[in-house]
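For reference, the structure discussed in these notes is given below.
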Amino acid sequence: MSYVDEVLERVVAKNPAEPEFHQAVKEVLESLRVVVEANEEKFRKDALLERLVEPERQFKFRVPWVDDKGQVQVNTGYRVQFNSAIGPYKGGLRLHPSVNLGIIKFLGFEQIFKNSLTGLPIGGGKGGSDFDPKGKSDREVMAFCQSFMTELCKYIGADTDVPAGDIGTGAREIGYMFGQYKRIRGLYEGVLTGKGLSYGGSLARTEATGYGLLYLTEELLKINGKDLKGMTAAVSGSGNVAIYATEKAQQLGAKVVTVSDSTGWVYDPEGIDVAALKEIKEVNRARLTEYKKYRPNSEYHEGRGVWSVKVDLALPCATQNELHLEDAKQLVANGCVAVCEGANMPTTYEATQYLQENGVIFAPGKAANAGGVATSALEMSQNSERLSWTFEEVDAKLKDIMVNICHNMDEAAKRYGMEGNYVAGANIAGFEKVVDAMTAQGIV
Ligand SMILES: NC(=O)C1=CN([C@@H]2O[C@H](COP(=O)(O)OP(=O)(O)OC[C@H]3O[C@@H](n4cnc5c(N)ncnc54)[C@H](O)[C@@H]3O)[C@@H](O)[C@H]2O)C=CC1
Ligand SMILES: O=C(O)CCC(=O)C(=O)O
């Protein structure tokens, strides 16, 4: 049996009931086969792949808090410190009822390669809790965040592990967590990114993941002789990534006609009104059913459906496994040119293969959404030097980073005879640097 197959089998056996983690490892290792085969003897002797798929450390903890009725609630908190070969652990905190150890491990594993691709010195980690901020009062969210950080603060620090936002964790939650960290540890340091601008946040971090996705998409289309300008796009989700992806896509001359949330989706043939979307989601924390009040000509549909719309470009920006094989078939039948992932692993393994086999340009999340964590690393730099850069400075660095990632994944795929396979290109380019650092640091 090949080394890759052995490790894949072991991952499934050793981590039962963690399907998302199995999927993320399979996607990476399958596309690394050719690199692994070229170095098989050394990698096997060093148990390189076994070390790569085993988190350096993981924490699971109780998070008790009191709701507005005086009732004690108990959630579970997680932090997985996956790989620190190239820098302090870095990755977001997800607050969503679906969170479990397998989901945090899949996200932490992806983060290793994504962070490497940014070219910045950050290792991979991820955390979160099964707490659902939806429908909770500000006081309840604060109570949860303070309790969560009371435990988490033992394991993190500006040079150790620097969490940030993800699904359900935005500026409000980061603020409450930062306040509690400072209070307990007595340290005013850049221990979290995505902070508010008044206490050490970076300009353009809010926009970074969505903007970065479009910078990479524009460049990738250009490499393939196509122009983003004039394209029609479908976006899924309506959170941080979806909002700023929509905004930048429209600034660059594309027309985004859909957004969605966990209960339904909007079709706006005239192009999504980003100001309305921000008011509904960022200010009012309301559902997308509200959108029709702003745009009477739009349609609201319950359930899923954004991938059934005829578009040139699909930008999944909601959550994992939201674009299935049937959706991929529909996109191909409708003449979709490219799928670029804003979310983490939004496309199933089978759907990804189908899109690639049918000539759709496919940019995997670990490359396409790396602008968020890259800008977080820029926030860390600003915190270290106790300075703040202008929006234009940060945005220009972000654009550079995304264009570089695009060329690096393109070049890595070509180098191994897989031109146009950006999944392989991104995994190989991310992997090479991590392997280099792990090898240099000995057996740890
Ligand atoms: N915020 C960031 O900087 C980064 C986020 N990501 C990824 O982007 C994706 C979106 O994250 P954010 O926009 O930050 O979160 P968010 O909490 O701001 O928004 C999440 C969006 O996804 C939708 N959603 C969540 N679960 C869903 C489900 N089961 N079915 C349908 N829709 C669902 C929500 O309704 C919401 O519109 C996630 O996969 C996240 O891991 C990736 C890189 C960086
Ligand atoms: O900004 C960060 O540190 C993390 C962003 C994140 O969680 C991600 O890239 O998925």
Side-chain angles (χ1 to χ4, degrees), residues 19-28 31 91-92 94 96 98-99 102-111 113-114 117 126 128 165-168 209-210 212-214 216-217 220 233-246 249 256 258-265 288 303-309 311 313-332 334 336-356 358 360-373 405 409 422-423 426-427:
E20 293 85 1
F21 180 53
H22 304 165
Q23 183 183 341
V25 174
K26 181 176 158 79
E27 187 245 284
V28 170
S31 66
R94 177 171 293 190
H96 192 270
S98 64
V99 164
I103 287 186
I104 299 301
K105 278 166 69 180
F106 117 64
L107 291 162
F109 185 71
E110 291 276 294
Q111 205 80 43
F113 306 97
K114 181 193 307 193
L117 282 170
K126 198 87 183 192
D166 190 75
I167 292 180
T209 310
L213 169 65
L214 268 298
L216 181 133
T217 300
L220 190 58
V235 165
S236 65
S238 49
N240 173 266
V241 181
I243 291 172
Y244 292 95
T246 302
V256 175
T258 67
V259 283
S260 66
D261 62 19
S262 45
T263 48
W265 60 285
L288 278 179
R304 317 171 61 245
V306 295
W307 313 125
S308 65
V309 176
V311 290
L313 175 64
L315 301 171
C317 296
T319 192
Q320 67 273 4
N321 293 330
E322 51 152 320
L323 200 162
H324 309 152
L325 180 58
E326 287 316 307
D327 303 318
K329 288 183 177 168
Q330 183 82 66
L331 287 168
V332 169
N334 285 343
C336 177
V337 169
V339 175
C340 299
E341 297 186 322
N344 285 310
M345 208 171 72
T347 314
T348 64
Y349 191 78
E350 295 71 27
T352 304
Q353 285 194 316
Y354 185 85
L355 292 167
Q356 290 183 311
N358 284 278
V360 175
I361 300 165
F362 183 86
K366 60 171 75 70
N369 72 35
V373 74
I405 292 176
M409 70 180 186
Y422 303 112
V423 173
N427 287 331

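- The two residues W265 and S308 make their nearest non-hydrogen contact at CH2-OG, 4.3 Å.
- Judged as a side-chain contact (heavy atoms from CB on, under 4.5 Å), and not counting sequence neighbours, the contacts of E326 are K329.
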Handout entry: Test side-chain contact (heavy atoms from CB on, under 4.5 Å) applied to F362 and Q356, step by step
Key = CA-CA 7 Å; F362 183 86; Q356 290 183 311; 4.1 Å; yes
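- With a 4.5 Å cut-off on side-chain heavy atoms, T319 and S98 do not count as touching.
- Considering only residues two or more places apart in sequence or on other chains, A249 meets the side-chain contact (heavy atoms from CB on, under 4.5 Å) condition with L214, A254, V256.
- Side-chain contact between H96 and I103 is absent, with no heavy atoms from C-beta onward closer than 4.5 Å.
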Problem - Residues V306, V235; criterion side-chain contact (heavy atoms from CB on, under 4.5 Å); working and verdict - result: CA-CA 7 Å; V306 295; V235 165; over 6 Å; no
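- Atom CZ in R94 sits 6.5 Å away from atom CG in N344 (nearest 0.5 Å).
- Taking CE from M345 and CD from Q23, the interatomic distance works out to 3.5 Å, rounded to the nearest 0.5 Å.
- For the side chain to side chain donor-acceptor pair (under 3.5 Å) test with E341, the passing option among T347, T352, N369 is T347; the others fail.
- Summarising the geometry, atom CG belonging to L288 is positioned 4.0 Å from atom CG belonging to D261; distances are rounded to the nearest 0.5 Å.
- Smallest separation of non-hydrogen atoms from A363 and M409: CB-CE, 4.5 Å.
- Considering every non-hydrogen atom in both D327 and E322, the closest pair reads OD2-O, 3.8 Å.
- If you take NZ on K105 and CG on L107, they are separated by 12.5 Å, rounding to the nearest 0.5 Å.
- Closest approach of S238 and V259 over heavy atoms only: CB-CB, 4.5 Å.
- Between V311 and the choices L331, N334, V337, T258, the side chain to side chain contact (heavy atoms under 4.5 Å, CB included) rule is met once, by L331.
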Problem - Step-by-step side-chain contact (heavy atoms from CB on, under 4.5 Å) determination, I361 to Y422 - result: CA-CA 8 Å; I361 300 165; Y422 303 112; 3.9 Å; yes
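- The shortest side-chain heavy-atom distance between P364 and F113 does not fall under the 4.5 Å cut-off.
- In this structure A370 satisfies the side-chain contact (heavy atoms from CB on, under 4.5 Å) test together with K114, T118, I405, sequence neighbours excluded.
- Residues A314 and C336 approach most closely at N-SG, 4.0 Å, considering heavy atoms.
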Exercise for the section: Decide side-chain contact (heavy atoms from CB on, under 4.5 Å) for E110 and Q320; before the verdict, give the C-alpha distance in whole Å, the side-chain angles of both, and the deciding distance to 0.1 Å. Expected result: CA-CA 12 Å; E110 291 276 294; Q320 67 273 4; over 6 Å; no
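- Here CD1 of I243 is found 12.0 Å from OG1 of T209. Values are rounded to the nearest 0.5 Å.
- With hydrogens and angles left out, the side-chain atoms of E27 and N427 include a donor and acceptor closer than 3.5 Å.
- To the nearest 0.5 Å, the span separating CG on L315 from OG on S236 amounts to 8.5 Å.
- Taking all atoms of both residues into account, the shortest heavy-atom contact from C340 to P316 is O-CD, 3.3 Å.
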